[in-house]
Undergrad: 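This is the structure, below, for whatever I ask next.
These numbers come from the heavy atoms of this one structure, side chains and all, not from hydrogens, waters or symmetry mates. Numbers here are sequence positions counted from 1.
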Amino acid sequence: MAMQTNKEIRCSSPAVSYGKVLFELNIPEESVRKTREILAAVPQLSELFMNPTVALKKKLAVIDRVFPEEMRNFLKTACKYRRMDLMDEIFAAYDKCRDEKNRTLNAVLTCTVDPSEEQKQGMEAFLCRKYGAEKAQIEVRHDADLLGGFILRVGSDEYDWSMKGRLDRLTQTLAH
């Protein structure tokens, strides 16, 4: 049971289909990670792949020279069918498939100071119990406006134990 925290993906989009295929190809995660890094580090590659004036043959040659061998056929197919503009969404769908298989839950912890290792492990244990996951990955973000405490988000669920949240709830209670 994985929850997408960064980007929601449409259920029947081509990106989801491509992401599932990428996952089912059993390409080593290291090759997928390296491909993501290359595309992120060199945005001109994405521009090249999406440019309709560049010949497909040239695009395929670039793929052969730049990307890990295990990823080349997948990228060539995405390029041939003009899906390179969806790579971020494809990778998000791939992550979702991988996390579901591994029963990994993704959460975002927003806080003013980093939690101790013990606190983080406690949150991970809570999330695994609550959502039936094998593993919980918590991304930590900082927000000084919380005044203390934390907000833990898992998909559409939110656990607000921030001072700001408590003050807001108190204000609402007193106003009624």
Undergrad: Do Ile138 and Trp161 share a hydrophobic cluster, counting only Ile, Leu, Val, Met, Phe, Trp and Tyr and linking them when any side-chain heavy atoms are less than 4.5 Å apart?
TA: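 Shared cluster, yes.
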Undergrad: Please step through side chain to side chain contact (heavy atoms under 4.5 Å, CB included) for the pair Met87 and Phe49, ending with a clear verdict.
TA: CA-CA 11 Å; Met87 288 310 294; Phe49 296 136; over 6 Å; no
Undergrad: Could you go through Phe150 and Tyr159, starting from their C-alpha distance and side-chain angles, then the distance that decides it, and tell me whether this counts as ring pair (Phe, Tyr, Trp, His ring centres under 6.0 Å)?
TA: CA-CA 8 Å; Phe150 64 89; Tyr159 304 93; 9.0 Å; no
Undergrad: Could you tell me whether the side chain of Asn51 and the main chain of Thr53 form a donor-acceptor pair under 3.5 Å?
TA: yes
Undergrad: Atom CG of Asn106 and atom CD of Glu139: how far apart are they, to the nearest 0.5 Å?
TA: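 That separation rounds to 9.0 Å.
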Undergrad: List in chain and number order the residues that pass side-chain hydrogen bond (donor to acceptor under 3.5 Å, both in side chains) with Ser116, two or more places apart in sequence or in another chain; answer none if no residue qualifies.
TA: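 Result, side-chain hydrogen bond (donor to acceptor under 3.5 Å, both in side chains) vs Ser116: Gln119.
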Undergrad: Can you tell me if Arg166 has over 12 outside heavy atoms packed within less than 6.0 Å of its CZ?
TA: yes
Undergrad: With a 4.5 Å limit on heavy-atom distance, are the side chains of Met71 and Ile27 in contact?
TA: yes
Undergrad: Which residues satisfy the side-chain hydrogen bond (donor to acceptor under 3.5 Å, both in side chains) test with Arg98, sequence neighbours excluded?
TA: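 Once residues adjacent in sequence are excluded, the partners of Arg98 under the side-chain hydrogen bond (donor to acceptor under 3.5 Å, both in side chains) criterion are Asp95.
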Undergrad: Please examine the side chains of Ile90 and Phe74, heavy atoms only from C-beta on, and report whether any two atoms are closer than 4.5 Å.
TA: yes
Undergrad: What pairs of donor and acceptor atoms, side-chain ones from residues 61-70 against any protein atom, are under 3.5 angstrom apart with sequence neighbours left out?
TA:
| residue | atom | partner | partner atom | Å |
| --- | --- | --- | --- | --- |
| Asp64 | OD1 | Lys76 | NZ | 2.8 |
| Asp64 | OD2 | Lys76 | NZ | 3.2 |
| Glu70 | OE1 | Ser31 | OG | 2.9 |

Undergrad: Check step by step if side-chain hydrogen bond (donor to acceptor under 3.5 Å, both in side chains) holds for Ser162 and Asp160.
TA: CA-CA 6 Å; Ser162 68; Asp160 187 344; 2.6 Å; yes
Undergrad: With sequence neighbours left out, what residues match Phe91 under ring pair (Phe, Tyr, Trp, His ring centres under 6.0 Å)?
TA: none
Undergrad: Hey, what do you get for OG1 (Thr77) to CE (Met84), rounding to the nearest 0.5 Å?
TA: 10.5 Å
Undergrad: May I ask you to test the Cys111-Val140 pair for a side-chain heavy-atom distance under 4.5 Å?
TA: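 In short, these two side chains touch, coming nearer than 4.5 Å.
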Undergrad: How about Tyr18 and Tyr81: are their ring centroids closer than 6.0 Å?
TA: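 No - the distance between ring centres of Tyr18 and Tyr81 does not fall below the 6.0 Å cut-off.
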Undergrad: Side chain to side chain contact (heavy atoms under 4.5 Å, CB included) between Leu105 and Gln137: does it pass, once the steps are laid out?
TA: CA-CA 6 Å; Leu105 183 74; Gln137 293 181 329; over 6 Å; no
Undergrad: Under the rule for side-chain hydrogen bond (donor to acceptor under 3.5 Å, both in side chains), what residues qualify as partners of Lys164, not counting sequence neighbours?
TA: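 In terms of side-chain hydrogen bond (donor to acceptor under 3.5 Å, both in side chains), with neighbours along the sequence ignored, Lys164 is linked to Asp168.
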Undergrad: Show the numbers, then the answer: is there a side chain to side chain contact (heavy atoms under 4.5 Å, CB included) between Thr110 and Arg153?
TA: CA-CA 8 Å; Thr110 306; Arg153 286 188 185 92; 3.7 Å; yes
Undergrad: Apply salt bridge (charged side-chain N to carboxylate O under 4.0 Å, His left out) to residues Glu100 and Lys96 and explain how you reach the verdict.
TA: CA-CA 6 Å; Glu100 284 174 358; Lys96 188 172 193 289; 2.9 Å; yes
Undergrad: Under a single-linkage rule joining Ile, Leu, Val, Met, Phe, Trp and Tyr whose side-chain heavy atoms are separated by less than 4.5 Å, which residues share a cluster with Leu146?
TA: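 Under the 4.5 Å side-chain rule, Leu146 groups with Ile151.
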Undergrad: Please find the pair of heavy atoms, one from Ala133 and one from Arg103, that lie closest to each other, and give the distance.
TA: CB-O, 3.4 Å
Undergrad: Would you check if Asp157 and Tyr131 make a side-chain contact, meaning some heavy-atom pair closer than 4.5 Å?
TA: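 In short, these two side chains touch, coming nearer than 4.5 Å.
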Undergrad: Stepwise, does the salt bridge (charged side-chain N to carboxylate O under 4.0 Å, His left out) test hold for Arg33 with Glu30?
TA: CA-CA 5 Å; Arg33 185 189 59 73; Glu30 175 64 21; 2.2 Å; yes
Undergrad: Measuring only between side-chain heavy atoms, which start at C-beta, is Asp143 closer than 4.5 Å to Thr112?
TA: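 Side chain of Asp143 against side chain of Thr112, heavy atoms only: no contact under 4.5 Å found.
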Undergrad: Would you check if Met123 and Leu109 make a side-chain contact, meaning some heavy-atom pair closer than 4.5 Å?
TA: yes
Undergrad: Please test Leu86 against Arg83 for side chain to side chain contact (heavy atoms under 4.5 Å, CB included), starting from the C-alpha separation and ending with a verdict.
TA: CA-CA 5 Å; Leu86 300 176; Arg83 299 295 191 205; 3.7 Å; yes
Undergrad: Would a 4.5 Å heavy-atom cut-off, applied to side chains only, mark Val42 and Leu45 as touching?
TA: yes
Undergrad: NZ/Lys59 to SG/Cys79 distance, rounded to the nearest 0.5 angstrom?
TA: 5.0 Å
Undergrad: Give the minimum heavy-atom separation between Ala93 and Ala15, together with the two atoms involved.
TA: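 Looking at all heavy atoms of both residues, the closest pair is CB-O, 3.8 Å.
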